[in-house]
Amino acid sequence: MPSAETLERFIACVERNAHIEAVEQFYTAGSTMQENQAPPRVGRDAHVANEHKVMARVKTMESRCVRPVFVNGDHVVIRWVFHFEWKDGTATHMEELAYQRWEGEFVAQETFFYDPAQRHPR
């Protein structure tokens, strides 16, 4: 179960748009990330590579946690709102729920739930 301090540091890192650093600092080496019902990405290195791929396309972004954050033992649910301005001039606004299973102070498993139609830039 993550401490309240660790969870707040994680949220602050994401809200600073330091997504790559958040993965490097707060995920286990063998962690999994899953987008809706897609097959999960496995391993922190795969998550970092995916974040680099996304961030390479970003001109500006805003990341915001919508509270409250729900914690029940090792399970955490966070509602996120993201706004991306892409280098190609388009924008994407997304809301998602992140369902996480923590092992101590690190995320071991995460599934993101969102409407996939939000991923299409406008």
Taking every non-hydrogen atom, the tightest pair across [X] and [Y]:
{"X": "Thr111", "Y": "Asn36", "answer": "CG2-O, 3.8 Å"}
{"X": "Val14", "Y": "Ser63", "answer": "O-CB, 3.3 Å"}
{"X": "Ser31", "Y": "Val107", "answer": "CB-O, 3.5 Å"}
{"X": "Phe84", "Y": "Val54", "answer": "CE2-CG1, 4.4 Å"}
{"X": "Arg57", "Y": "Trp86", "answer": "O-CE3, 3.4 Å"}
{"X": "Trp102", "Y": "Glu105", "answer": "CZ3-O, 3.2 Å"}

Side-chain touch Glu35/Arg41, heavy atoms, less than 4.5 angstrom: yes
Side chain proximity check, Met61 to Met55, heavy atoms < 4.5 angstrom: yes
Gap between atom [atom2] of [Y] and atom [atom1] of [X] - 0.5 Å precision:
{"X": "Asp115", "Y": "His120", "atom1": "CG", "atom2": "NE2", "result": "8.5 Å"}
{"X": "Asp74", "Y": "Met1", "atom1": "CG", "atom2": "CE", "result": "8.0 Å"}
{"X": "Asp88", "Y": "Lys59", "atom1": "CG", "atom2": "NZ", "result": "10.5 Å"}
{"X": "Thr32", "Y": "Tyr27", "atom1": "OG1", "atom2": "OH", "result": "10.0 Å"}

SB check Glu8 Arg67 (cutoff 4.0 Å): yes
Sequence-distant partners of Glu110, salt bridge (Lys or Arg N to Asp or Glu O under 4.0 Å), two or more places apart: none
Ring geometry between Phe10 and Phe26 (parallel below 30°, tilted from 30 to 60°, perpendicular above 60°): perpendicular
Reference residue Trp80; test side chain to side chain contact (heavy atoms under 4.5 Å, CB included); the match among Met94, Arg64, Glu15, Glu95: Glu15
